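A short worksheet on the structure shown next.
Computed from a predicted structure; not experimentally measured. A, B, ... follow the sequence lines: proteins, then strands. Residue 1 opens every chain.
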Amino acid sequence: MSDTAIVSPIRTLQRLPGVAIVLVLLIALFGAIAPGFLSAANLSNVLVQSTILTMLALPMTLIIMTEGIDLSMGAVLTLTSLCVAIVSLATTSMLLGLCAAVLVGTVFGLANGWLVAIAKIPPFVATLATLGMAHGLSLIVSDGQSVVGIPHSVRDIYSAQLLGIPVPILMGVASYGVFHGLLYHTRFGTYVFALGGNREALRYAGLSPTRLLITVYAIGGLMAGVAGLLMTARMNSGHPTAGLGLEFDAIAAVAVGGTSFERGNGWLLGTLLGVLAVGVLRNGLNLISLPSSVQVASVGVLVIAAMFLDGLRSRA
Amino acid sequence: MSDVAKPAPLPPWSFLSQNAAQLFYRLLAAFLICLVLSVLSESFLSLGNILNVLRQASLTFFIASGLTLVVLTAGLDLSVGANVALSACLAGTVIHQTGSPTLGIITGLFAGGIVGLMNGVMVTAMRIPSFIATYGMLWVLNGVTYWYMAGETIHGFPAGFRQIGSGYFLGLPIPVYLLLVFLAIGSFFAQRTTWGQEIYAIGANPVAARLSGIPVNRRLLLVYTVSGTMAGLASIIFLSRLNSAEADIGESLTLPAIAAVLIGGTSLFGGVGTIFGTFVGSLILTLVLNGMNLLSINANWQPLVTGIIVIIAVWLDMKTRRPTA
Amino acid sequence: MSAETSAATLDAASHVPLLELRGISKEFPGVKALDDVSFAIQPGEVHMLLGENGAGKSSLMKVLCGAYRADAGAIYYKGNQVTIGSTADAQTLGIAVIFQEFSLVPFLDIAQNMFLGREPKGRLPGTIDRRRILADARRVLEGIGFDIDPSVIVDTLGVAQQQMVEIAKAISQNARILVMDEPTAALSDREAELLFALIGRLKAEGVAIVYISHRMAEVFAIGDRITVLRDGRRIDQIRPADVTPEQLVRMMVGRNVDMTYPRHFAEQPGELVLQVKGLSATTGISDINIEVRRGEIVGLCGLVGSGRTEVARAIFGADPISEGEIIFDGKPIAGEPDVAARRGIALIPESRKSEGLALLRSVGDNLVVAALKKLFPSGLFDPRSAQRTADGLIRQLRIATPAARQTVGLLSGGNQQKVVIGKWLAAGARLFIFDEPTRGIDVGAKSEIFALIDRLVAEGAAALMISSEQIEICHVCDRAYVMREGRVAGHLARSELTEENIVRLGMHDE
Amino acid sequence: DGETIAVFTKNQTNPFFQTVRVGADNMAKALNAKILHYIPTKPDSIPEQLSQIEDVVVKKPSAIVFTPVDYKAMVPGVEKINDAKIPVVNITDRSAGGKFVSFIGADDYSLGLETGRFLLKTLGGKGNVVIIEGVKGSLTNVDRVRGFNDALKENPGAKLLASQPGNYQRLQALQVMENLMQSNAQIDGVLAANDAMAVGAIEALDGANRKALVIGINGTKEAIDAIKSGKLLASGDYNGFAQGCLGTMMAIRSLRGQPVIAEIVLKPTVITKDNYQPFDVSLEQRTCPSFEDASKLGAK
Ligand SMILES: Nc1ncnc2c1ncn2[C@@H]1O[C@H](COP(=O)(O)OP(=O)(O)OP(=O)(O)O)[C@@H](O)[C@H]1O
Ligand SMILES: Nc1ncnc2c1ncn2[C@@H]1O[C@H](COP(=O)(O)OP(=O)(O)OP(=O)(O)O)[C@@H](O)[C@H]1O
Ligand SMILES: [Mg+2]
Ligand SMILES: [Mg+2]
């Protein structure tokens, strides 16, 4: 019986997905060599910095589960961030800014969904095109300039605390909670699995894959809207290129987190771990101040290593 | 069962029409853009501008043609742009150090090919999905290039070498010849060699391809290496055309190359597509930018207009796809 | 024929049918799948729907359940005309279907799959009452005698278990009309028994059952009425008591078929082609010793899960081997499938759709894919010569396709199987490993395929054949190995080849 | 002695910031301090630089020399540094907010204006010109292009044919130039917002066998070579090396309680065929200006 006691933790470790192993290793490594890494202030830093990406990566998980992809998310985030800035500047109301951002984000999400589900344009191409549109609109509405002078109520969101916990962390946790509930405990979540796993099954069950698919993309846009508020709050301004490229970070987090690009196999917690792994890596490398080019390369190494570990595991 | 009347035969041209109609619509999209542009700007239809567009399209096409093979196997290579940057910097250094363009060209092609091969190894031996493997590779390459260049620019190459990118032969820019040559080679490889056929088969169903005795991993290695080598070739064209190399040249090349492949009708799910389609895709993208420059459209509008054109082009393409049940 | 009269007497004898399809036609591009088909179902009967591959059985059922819309014809429910425009319409009429292709979602659990779209509502809006869905699922599963935890993810189940989940899913709808499209194709005997018992109970409750199968034995075991389709047309409607299997097959195929599958057994076994010595693999097989000679068809039988597929894959190089040796034509062989293929081994895999064919490519493309090296040794591909080869094979194997350029995914199962075999003929293979070559294939096609295999070995090839239908092994094979739990449990010579012997050797010792 | 100075620059790809970093390294070596460089892994990424600030504040370097990737969006970051009471010197782009020990920069507007004027003067105050802009919305670009335009206004004889973006990228500038040459038979002058684009435009002109006078901005090595060979008319000197030197110097001096200069705006120098020699030395060989020289370079 002592045998089993020893074997089982190893077994668990073997069953751990690559991303979890990588995250644990990174935390142990930086805890040992990076001064201040394990301080509460720094850990809170990592979490706060990861919220925007989390808010994109969660809906991205659902989208990828439907065998889709949303390349427009970073550009839409940029646009919604500008919306927050412009509207709250004009109306001095943070809430109106948020509403505008969520509206614009959702419209883009719906457009993506429409292009994918009804016009039947492959998701990669459809969202590549809407990426261009959102980016273009960002440049047009801002005339390529930063938007500043927005009310303090907006920036306070990023720095405020509730019960001693920074509000962005709370928003991140809340988003995760909502998505977890949505994916694993609602009918809608069940249908998201079916969208990627077997769309025919949905049709035979009398459900409309089209509507569901549009909803999934709309949620992506909506979350980009909410994240836009955080983005603006963080910069205390709106900027026409600020969020470009974040979609690839989100996609990488989803993939590293163990969600596969086919058959509707999604793992939401893995996505969160993926986001955190990238966050921890960047933070730790900043603390030990390696040359910047090493930092660039190490992001790639992290992504490859996590996937490689997963591959090893699935073969064993 | 066979002595009973067979089901009504397909019209004899149906096989052709599936591809031909698609090709037709894609060319139509390009033609429509041309038509609009030639009405709006009289300089558009000049021979000079047509050659100009072809020359500009060539760079995208070189990258996109190799990428087409990767996409045909249901893969993706996000590292092509970063590969161009690194290969260009290495090739540039070699030309500077040795004064020999030939050695530089070999270096560029070789560096690109090695990077492609590494992508292939990750996809086959390490079984990492290509999207992620090449995304990781993109970061690694950027890191290496940033470190290697340390913010410097390599510039000033021998006149002979410069001919490749900016020279003319019989009144046509040399890159246009190269474009035609590689279009022919690429199409021939894809349609008229057994390797090309195997690549289509792998994209359509990798498991079935393996169980049909196709050495899937070897072919994938080949495809990624070719894609990398084409990126290396693009880096040489880039180098000789711009007379310089720096670390950030690749960033703006990847997405247009992917867009060209997809607008050209190659399916991300593999097994469907042609090199010629990719050529038309590169052309459409280049035409859009050319038109906006000719018409002096406010720069802020360019991404928006490009996005809309991409949608229209792909939508036209989708219209002609045979519906699958 | 007596078709019209016998159908008329049948119809007159019964009252208004529960559901009636009249004059249904359905055309696909290039294929007339259904041509003026009429079909009626009574409560409490098992109505067998027979026909060769591509006869239109599945299509008719898809019209019935709203998955396809008919081009012409009408549907009557208890005598009233109805339109079934969607599967939702069908469900309100009490029609449930077990489709031929699985309609399960891989990464949901059994309960979620069973109640997809009909989940019990939880307390919060949009949520699912987890406890109830599990309880309901457990009840249904127990009801059909399938002992499994409903919270197991479907992707981890084997084919047979997935088929049982499909059945449970249909049963859970409390349907009055239940359509089963080849439900036993993937089931082992034990599970099939469960299903037949279940069908008996449902019948007693007055449920009308439409049952599609290619297994002749089942037709006579459970059928109350038979409708035969051929090339999209209804040929006849009769009672099992009124026909012999031979007559039935004649109706389906339009000619006589010998169901003992005559063979030209070789007088003398040829030289050794394949020698498997002490083969073990991590996939769960160990110490396998097998020999195959020229001119022989060697059977490989055993229960589902006994490791037959794994042996086939290991020989072909599709799975790595951990121990032992494979000798082909006197020389050892090792490596990936491309090595085996080059040496002249062919594998006709168990799942033709996912492993055998590129479904979206054309018949022609699929036929030449394994022979590219042989046909074009220079590496230059000539589409016209490929087309000629494909056309030749289509004629030789009598593959029913409008043209070589037809998408292979649109062919019927039997014809798809012929394409898989055809590609190895083109490649000139000398050892054919068949893994369930007749699964889901009609009697006509089956006899053609066996004739084909016979001709192959007569011409000097060798074959190793896996089949779950022991009767086929007995009819066709020169001798057979029986597997049990990953090992070869015994060898049966031609004279010992009986179903009893196979079962005896293959059974687990309790 | 032994202070650590964190130096923030915008990216690892633009040669200009390399000169800034070399300047900072040089000065730190001379003053016996240690430099840590922070550069976003994605060029000019706002979120990344904000994260780097947050991380560095945890690490508490002695002082910070700071180039904001965006002068407005980075203000909250600067305020975080201020809150952590780390002295910070602003270089290159003037931050729109926050408290700084000192600002060292060049005036983009007058750089644009002066180089633009030089081009137009060489053209005799007339001719057809085009502007190739940098990245829309970046401070440097806005000011440089404003300078170009004001120089054009002073010369009513000159005609602006087009103002198109090359995003500070060589290839894009080359293609924009090729396209513009198709619709404009006569182009006499090209105003490019940086040297890489200027050189790209020159390649385009060469390729078409056409001639035009081209100016760029930044005074990079490549530009000096092109001026030397007569291909490039002039380049406005942005003097990143001096900015790096002086920024570091001011940071260290403030730590050591020595007097600092609150603001140095380096006077624009237009590098031409006549005055390129002092710029034609490799970075490593250049020496940082002394504190005394600094005041002469353009202190306010
Ligand atoms: N979606 C479709 N598009 C085109 N043709 C189709 C489609 N579905 C079925 N067919 C064709 O219609 C005919 C009837 O097919 P169906 O699936 O009904 O046959 P079946 O009798 O069920 O055969 P099997 O015994 O192999 O299941 C076949 O020729 C098939 O190729
Ligand atoms: N104990 C089991 N639990 C779950 N699934 C099982 C079990 N045993 C076998 N299976 C599944 O049943 C299917 C058939 O098993 P396998 O292919 O290993 O056996 P086989 O001898 O080749 O039988 P067959 O050729 O009839 O499929 C596989 O999908 C396998 O995963
Ligand atoms: Mg069927
Ligand atoms: Mg099997």
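With a 4.5 Å cut-off on non-hydrogen atoms, B:Leu295 does not touch chain D at all. Using a 4.5 Å cut-off between heavy atoms, B:Leu59 touches chain D through its side chain atoms alone. Neither the backbone nor the side chain of D:Ala226 comes within contact range of chain B; no heavy atom of the residue lies under 4.5 Å from a heavy atom of that chain.
Residue pairs meeting the ring-ring contact (aromatic ring centres under 6.0 Å, His included) criterion with at least one partner in residues 178-235 of chain D, sequence neighbours excluded, are absent.
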Determine which donor-acceptor pairs between chain B and chain D fall under 3.5 Å and list them with their distances.
from, atom 1, to, atom 2, distance (Å)
B:Asn49, N, D:Gln182, OE1, 3.0
B:Asn52, ND2, D:Asn179, OD1, 3.0
B:Arg55, NH2, D:Glu178, OE2, 3.2
B:Gln56, NE2, D:Gln175, O, 3.3
B:Gln56, NE2, D:Glu178, OE1, 2.8
B:Gln56, NE2, D:Asn179, OD1, 3.2
B:Ala150, O, D:Gln18, NE2, 3.2
B:His155, NE2, D:Asp225, OD2, 3.3
B:Arg162, NH1, D:Glu203, OE1, 3.3
B:Arg162, NH2, D:Glu203, OE1, 2.4
B:Arg241, NH2, D:Glu178, OE1, 2.8
B:Arg241, NH2, D:Glu178, OE2, 2.3
B:Asn243, ND2, D:Glu203, OE2, 3.3
B:Ser244, OG, D:Arg170, NE, 2.9
B:Ser244, OG, D:Arg170, NH1, 2.5
B:Glu246, OE1, D:Arg170, NH2, 3.3
B:Glu246, OE2, D:Arg170, NE, 2.9
B:Glu246, OE2, D:Arg170, NH2, 3.0
B:Ser252, OG, D:Gln169, OE1, 3.4
B:Asn290, ND2, D:Asn179, OD1, 2.7
B:Asn293, OD1, D:Asn179, ND2, 2.8
B:Asn293, ND2, D:Gln164, OE1, 2.7
B:Ile297, O, D:Gln164, NE2, 3.1
B:Gln302, NE2, D:Gln164, OE1, 3.2

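The CG atom of D:Leu246 sits 9.5 Å away from atom CZ of D:Phe241, with the distance rounded to the nearest 0.5 Å. Atom CG of B:Leu76 and atom OG1 of B:Thr134 lie 5.5 Å apart (nearest 0.5 Å).
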Taking only distance into account, with no hydrogens and no angle test, what donor-acceptor pairs under 3.5 Å do side-chain atoms of residues 227-234 of chain B form with protein atoms, sequence neighbours excluded?
from, atom 1, to, atom 2, distance (Å)
B:Ser227, OG, B:Asp77, OD2, 3.3
B:Thr229, OG1, B:Thr225, O, 2.7

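Residues B:Met118 and B:Val140 fail the side-chain proximity criterion, which asks for heavy atoms closer than 4.5 Å. Between B:Phe62 and B:Ile236, the closest side-chain pair of non-hydrogen atoms is not below 4.5 Å.
For B:Phe131, the ring-ring contact (aromatic ring centres under 6.0 Å, His included) partners at least two apart in sequence or on another chain are A:Phe261.
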